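Fair warning: this is a prediction, and the values are worked out from it, not measured in the lab. Just so it is clear: chains get the letters A, B, ... in the order the sequence lines come, proteins before strands, and each one is counted from 1.
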Number of protein chains: 2
Amino acid sequence: MSIQTRRERERAEREKLIITAARELAEAEGWEAVTTRRLAERVEYSQPVLYSHFKGKGAIMAAVAVEGFAEMAEELRAARTTPPEGAAGGQGVNPAAGLAGVARAYTAFAERRPALYDAMFRQDVDLPFATPEAPAPLWAAFNELVEALRPYAGDDDLGLLVETFWAALHGLATLTRGGRLPRHEHDRRLALLLARFTT
Amino acid sequence: MSIQTRRERERAEREKLIITAARELAEAEGWEAVTTRRLAERVEYSQPVLYSHFKGKGAIMAAVAVEGFAEMAEELRAARTTPPEGAAGGQGVNPAAGLAGVARAYTAFAERRPALYDAMFRQDVDLPFATPEAPAPLWAAFNELVEALRPYAGDDDLGLLVETFWAALHGLATLTRGGRLPRHEHDRRLALLLARFTT
DNA sequence: ACACCAAATCTAGCACCGCTAGCGAATCTG
DNA sequence: CAGATTCGCTAGCGGTGCTAGATTTGGTGT
């Protein structure tokens with residue numbers, strides 16, 4: 001039984017290596033630069049090895065995306081529960097500041113890790129979304145938005161409100177990144193959005 | 001001078017033919033199915049002819065995108081100035097109904113012409129955006145949103161408000177299309193968004 | 001210690017991609 | 001009708017994602 005487990009462990013390590021390499025390559029040069037050949041060379045195995053771990057390039061991107069959701073969830077959580085600067089206050093944070101922090105953290109994440117964000121939200125990367133089968137990190141990230149928005153739901157359905165707010169953040173992030181919106185007024189747009197969702 | 005102009009006319013016709021073929025192919029099978037080989041076969045010319053009209057596949061997509069902006073502008077205008085159903089009222093329309101109509105028309109356009117929408121907003125298709133050099137149809141579409149939102153700007157900068165609202169619509173459209181948001185509650189999300197922007 | 005066998009891995013290749021050099025045919029000019 | 005020029009073609013380059021089949025590796029039983 002020992003040999004079997006050792007092999008499984010080595011396999012898992014190699015899989016992690018592939019995901020990390022794919023992510024680094026994507027973050028450095030974008031997803032179009034992540035080819036199976038370059039990726040194979042980078043992990044020092046031949047191409048077919050990739051296909052013994054993943055169904056194809058899309059599945060590798062999906063794996064990277066899941067990592068991305070986990071990191072985003074962490075960052076959103078930090079933004080929601082940590083006061084922006086010193087500022088007294090125990091664990092509770094001013095709700096408006098919390099939502100603003102989460103919104104800023106979200107768009108900052110998209111700006112700082114564009115390749116990760118692409119894998120998560122832009123590419124067609126068949127992962128289950130918006131169903132119980134969706135990966136846990138995805139729900140973790142979503143739930144941060146839920147908690148940040150809860151104080152402002154009023155009579156509205158909280159889930160729908162979160163989806164709508166999330167869509168707005170996603171729109172701002174992607175349109176800015178695609179050059180459709182000038183970057184230098186991003187903060188003002190964000191403030192405007194927050195004002196409309198914190199009445 | 002006649003021969004010259006005839007040649008130019010024929011060239012222009014062929015260019016239009018290429019754009020139309022690209023658009024049809026994309027709408028039928030998605031942009032990944034639009035290859036230079038298939039496109040060339042469809043217009044019954046060889047591949048290199050495409051490159052005598054456009055710098056590359058990206059430029060063809062950009063041309064299709066411009067067509068898309070023109071059509072979207074028309075549809076938004078119609079939605080803004082036409083009462084939804086019979087409903088008395090001359091040329092002026094209830095502002096809230098106008099904005100709701102525009103929002104519905106926007107997301108409906110994205111849903112009905114996904115390939116066109118992709119070329120306009122999702123692909124990296126170097127067109128100038130958010131500058132005076134942007135193609136006129138793009139401004140036309142944007143201006144429909146401006147007019148629809150004008151009554152609700154209040155003290156906010158109208159341009160920024162439009163950009164923010166547009167981002168929200170774009171987010172709803174793309175996340176829904178990508179399977180990130182369940183389609184069946186789209187209307188409720190739209191209503192929720194409208195409520196937040198029409199106070 | 002060695003031959004065997006199964007599993008893991010690689011080499012080589014398929015069909016396709018965007019794009020282009022350079023040749024041959026068609027068209028206009030004198 | 002000869003020459004010049006524009007035009008569109010054939011053929012091919014270096015790349016893509018992915019896979020069939022040979023080959024090496026590593027554990028096993030004698």
Within this structure, what is the [atom1]-to-[atom2] distance between [X] and [N], rounded to whole angstrom?
X: Leu39(B); N: dC16(C); atom1: CG; atom2: P; result: 17 Å
X: His53(B); N: dC19(C); atom1: NE2; atom2: P; result: 16 Å
X: Glu41(A); N: dT11(C); atom1: CD; atom2: C1'; result: 16 Å
X: Phe54(A); N: dG17(D); atom1: CZ; atom2: P; result: 15 Å
X: Tyr51(B); N: dT10(D); atom1: OH; atom2: C1'; result: 16 Å
X: Ile60(A); N: dG17(D); atom1: CD1; atom2: P; result: 9 Å
X: Lys55(A); N: dC18(D); atom1: NZ; atom2: C1'; result: 13 Å
X: Glu10(B); N: dC7(D); atom1: CD; atom2: P; result: 11 Å

Touch class at under 4.0 angstrom, heavy-atom based, for Ser46(B) against every strand present:
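Base contact - Ser46(B) has a heavy atom under 4.0 Å of at least one base atom.
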
Identify whether any heavy atom of Arg14(B) sits under 4.0 Å from a base atom; if not, whether one sits that close to sugar-phosphate; answer base, sugar-phosphate or nothing.
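Contact class for Arg14(B): sugar-phosphate only.
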
Considering only heavy atoms from C-beta outward, does the side chain of [X] approach that of [Y] to under 4.5 Å?
X: Arg112(B); Y: Tyr117(B); value: no
X: Met72(A); Y: Glu144(A); value: no
X: Val66(B); Y: Met120(B); value: no

Hey, does the side-chain of Gln47(A) have a donor or acceptor N/O within less than 3.5 Å of a partner on the base of dC18(D)?
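Side chain to base: pair present.
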
Would you say the side chain of Arg37(A) and the base of dG17(D) hold a donor-acceptor pair, judged only by whether the two atoms sit under 3.5 Å apart?
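Answer yes: a donor N or O sits under 3.5 Å from an acceptor.
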
Answer yes or no: does a side-chain N or O of Thr36(B) lie under 4.0 Å from OP1 or OP2 of dC19(C)?
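Answer is no, no contact under 4.0 Å.
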
Reckon Tyr45(B) has a side-chain N or O less than 4.0 Å from the OP1 or OP2 of dG8(D)?
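Answer no for this pair, as no side-chain N or O of Tyr45(B) is under 4.0 Å from OP1 or OP2.
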
Might you point out which heavy atoms bring Arg122(B) and Asp124(A) nearest each other, and give the distance in Å?
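Scanning both residues completely, I find the closest heavy atoms to be NH2-OD1, 3.8 Å.
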
Any chance CZ of Arg77(B) has more than 12 other-residue heavy atoms, nucleotides or ligands included, within less than 6.0 Å?
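Counting other residues, nucleotides and ligands, CZ of Arg77(B) stays at 12 neighbours or fewer.
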
Can you give the dot-bracket line for DNA chain D, using ( ) for pairs inside the strand, [ ] for pairs that cross earlier ones, | for pairs with another strand and . for unpaired bases, where Watson-Crick and G-U count if both distances are under 3.5 Å?
||||||.|||||||||||||||||||||||

Assign the ring pair Phe197(A) / Phe197(B) to parallel, tilted or perpendicular, where the plane angle (0 to 90°) is split at 30° and 60°.
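Perpendicular: the ring planes of Phe197(A) and Phe197(B) meet at over 60°.
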
Per the ring pair (Phe, Tyr, Trp, His ring centres under 6.0 Å) rule, which among Phe142(B), Trp139(B), Phe121(B) passes with Phe69(B)?
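Considering Phe142(B), Trp139(B), Phe121(B), a ring pair (Phe, Tyr, Trp, His ring centres under 6.0 Å) with Phe69(B) is found only for Phe121(B).
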
